[in-house]
Participant: 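Encoded as structure tokens, here's the structure I'll be asking about.
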Amino acid sequence: MQNRGMKKWRPFATMPEQYIGIQNIINKQLEVSQPVLAEDQIEHMNFTLIEALHINRKVHLTYYKQGHYITETGFIQFVDSLRALFVFIDDALGAKRKMKLSELIDVRFV
């Protein structure tokens, strides 16, 4: 027998307030915790960031934000190791974004 999951609660979302509440419950269940990275993983990511910065190579970034993993493609513009920040230019939107190195989960070349 297959479990219907959270679909069984949809009929009870008749009022907008109930729908918002049920949607919040569903979103909370989909949240994941931030992984703890090993020292060698952090070191490898730092080398990849620096190399991508110097040769201007496109990377896939995976980072943690508000309970979700987000993957984006773009270029590294600046790395500030003292403040633990880096500047990322999104390939799709072309928007510059400052991000914390502590939020970073994975960096790979495209």
Side-chain angles (χ1 to χ4, degrees):
M1 178 167 260
Q2 187 177 3
N3 185 2
R4 293 187 300 161
M6 290 302 293
K7 292 178 185 177
K8 63 185 176 184
W9 295 105
R10 295 289 179 188
F12 296 103
T14 55
M15 292 191 293
E17 297 85 13
Q18 286 178 331
Y19 184 73
I20 291 170
I22 291 173
Q23 192 62 42
N24 288 340
I25 291 171
I26 292 170
N27 289 340
K28 283 282 189 195
Q29 289 180 345
L30 294 176
E31 287 182 3
V32 293
S33 60
Q34 185 171 7
V36 177
L37 301 176
E39 195 66 34
D40 61 334
Q41 290 173 313
I42 295 170
E43 187 174 325
H44 178 70
M45 285 190 317
N46 286 337
F47 284 131
T48 306
L49 281 174
I50 298 298
E51 185 177 351
L53 174 66
H54 287 294
I55 62 174
N56 199 26
R57 192 166 172 193
K58 192 184 291 189
V59 292
H60 284 296
L61 283 181
T62 304
Y63 60 94
Y64 179 82
K65 187 169 187 176
Q66 297 176 352
H68 300 285
Y69 298 148
I70 301 169
T71 302
E72 294 183 2
T73 304
F75 296 94
I76 305 297
Q77 185 181 32
F78 181 73
V79 177
D80 185 359
S81 58
L82 294 176
R83 294 187 201 157
L85 296 172
F86 67 99
V87 177
F88 176 71
I89 300 175
D90 188 2
D91 195 29
L93 302 174
K96 287 184 183 179
R97 197 174 323 184
K98 283 186 182 179
M99 302 173 87
K100 296 179 183 178
L101 287 171
S102 62
E103 295 174 347
L104 198 57
I105 297 171
D106 191 25
V107 181
R108 297 176 192 245
F109 290 118
V110 174

Participant: Kindly give the cluster partners of Leu37, where membership spreads through any ILVMFWY side chain lying under 4.5 Å from a current member.
Facilitator: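 Members besides Leu37, by chain and number: Ile42, Met45, Leu49, Ile50, Leu53, Val59, Leu61, Tyr63, Ile70, Ile76, Val79, Phe86, Phe88, Met99, Leu101, Leu104, Val107, Phe109.
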Participant: Is the NE2 atom of His68 crowded by more than 12 outside heavy atoms at less than 6.0 Å?
Facilitator: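 Yes, because the 6.0 Å sphere around NE2 of His68 holds more than 12 heavy atoms from other groups.
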Participant: Please check if atom CD in Glu31 has more than 12 non-hydrogen atoms from other residues, nucleotides or ligands closer than 6.0 Å.
Facilitator: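 Yes, CD of Glu31 has more than 12 neighbouring heavy atoms, counting only those of other groups under 6.0 Å.
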Participant: Quick one, Lys28 and Asn24 - any side-chain contact, counting heavy atoms below 4.5 Å?
Facilitator: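 Lys28 does not reach Asn24 side chain to side chain.
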Participant: By the rule that ILVMFWY residues connect when side-chain heavy atoms come within less than 4.5 angstrom, directly or transitively, which residues belong alongside Tyr64?
Facilitator: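 Besides Tyr64, the cluster holds Val32, Tyr69, Ile105.
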Participant: Going by side-chain hydrogen bond (donor to acceptor under 3.5 Å, both in side chains), name the residues that satisfy it together with Ser81, two or more places apart in sequence or in a different chain.
Facilitator: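 Partners of Ser81 under the side-chain hydrogen bond (donor to acceptor under 3.5 Å, both in side chains) test: none.
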Participant: If you look only at pairs with a residue in residues 45-61, which of them pass as a side-chain hydrogen bond (donor to acceptor under 3.5 Å, both in side chains), with sequence neighbours excluded?
Facilitator: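 Applying side-chain hydrogen bond (donor to acceptor under 3.5 Å, both in side chains) to every pair that reaches into residues 45-61, excluding sequence neighbours, yields Lys58-Asp91, His60-Thr73.
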Participant: Per the side-chain hydrogen bond (donor to acceptor under 3.5 Å, both in side chains) rule, what does the pair list look like for residues 101-110, sequence neighbours excluded?
Facilitator: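 Checked against side-chain hydrogen bond (donor to acceptor under 3.5 Å, both in side chains) - neighbours excluded - the pairs reaching residues 101-110 are Asp106-Arg108.
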Participant: Starting from Leu82, walk the hydrophobic network (Ile, Leu, Val, Met, Phe, Trp, Tyr; side-chain heavy atoms closer than 4.5 Å) and list everyone else you reach, by chain and number.
Facilitator: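 Result for Leu82 is none, singleton.
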